[in-house]
Amino acid sequence: MSRLAKAVISLAIIVMLFRPAAMAATVASFDATRSQRIPLPDGSVRGPESVAFDGQGHGPYSGISNGRVLKWNGDELGWTTYTSSPDYNSEACRLAKLRPATNPETLCGRPLGLQFHHKSGYLYIADAYKGLMRVGPGGGEATVLVSEIDGVPLRFTNGVDVDQITGQVYFTDSSMNYDRSQHELVTNTHDATGRLMVYDPETTQVRALQAGMAYPNGVAISTDRTHLVVTSTGPCKLLKHWIRSFKAGTTEPFADLPGYPDNVRPGRKGGYWVALHGEKNERPFGVDNHLLAVRIGADWSQREDS
């Protein structure tokens, strides 16, 4: 299967998983054959990661491998560039790809997690190399909000979610030792230097909620806003970090998963949808066909595979 085909299929699946409940089709279980498949602009554009919809339900928006965040405007207009990192230069990014010794992502950025704050219209972006960024309504050049914490640079900014009531932004830094281009080493070395953090847009302060985590990736705030669910990619687990209640400040295991989790979002039927980029027993060079996502019940009482 070509990279473009995989990108189209992957984007179609995560659109179905993470679009708002009001927009989702009512089906008994997830059926990928009924999903909408949105082709990317051309063969050089690949790697759709997280997706987001704005407060009006428009989108999806998705970050891609050349450092831009795109917006889908429907079949007639197609994709347009919504935002990119400060001083983004499309020509320089294109040329960087032609130099084998150069990692274009360090120059151009690599947007991973995305989430809107619906009231303000701000889009928050977890860029693997730039840090936590934000762009205002209508898009344009993004602003870097956080690139370090406690004097330690963010090495692998990954997932993000927003408390729609308070506006606080929760995000992950997957490793203090390896960047995104070395993501396999985070798993293979059992690295446990990842961090879960919170940014307050009112005070512009950022603090670590939990350190010493094994490959924290996606993050989602629960519908009752009492805890965060964090995917731990290498160990193939979900974690629950309490932000309110008598357990506030503690992290506990939530679920074991059949594969390596990436993004996570609350499901319209309760629980959480977790996207998987591979199964535990998947052969590295075998048939490119694996479990794409699972829905985990809020109390781990139900699992639905896709």
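Although no hydrogens or angles enter the test, the distance criterion places a donor-acceptor pair under 3.5 Å between the side chain of D161 and the main chain of I221. With hydrogens and angles ignored, the 3.5 Å screen pairs a side-chain donor or acceptor of S232 with a backbone N or O of A214. Between the W72 side chain and the T80 main chain, no donor and acceptor come within less than 3.5 Å of each other. In terms of modelled atom types and a separation under 3.5 Å, the side chain of D173 and the main chain of R155 share a donor-acceptor contact.
Under the 30°/60° scheme for interplanar angles, the aromatic rings of H277 and Y260 are found to lie parallel.
Residue E184 is tested with V186, N188, T187 for a side chain to side chain contact (heavy atoms under 4.5 Å, CB included); the sole match is N188.
In this structure, R134 forms a cation-pi arrangement with Y122, its terminal cationic atom sitting closer than 6.0 Å to the ring centre and no more than 45° off the ring axis.
T83 meets the side chain to side chain donor-acceptor pair (under 3.5 Å) test with no other residue; sequence neighbours excluded. With sequence neighbours excluded, the residues that form a ring-ring contact (aromatic ring centres under 6.0 Å, His included) with Y82 are Y61.
By the 4.5 Å heavy-atom criterion applied to side chains, F156 and L112 are counted as neighbours. Under the 4.5 Å side-chain criterion, counting only non-hydrogen atoms from C-beta, Y199 is in contact with L132.
Between the side chains of N217 and T233, at least one donor N or O lies within less than 3.5 Å of an accepting N or O.
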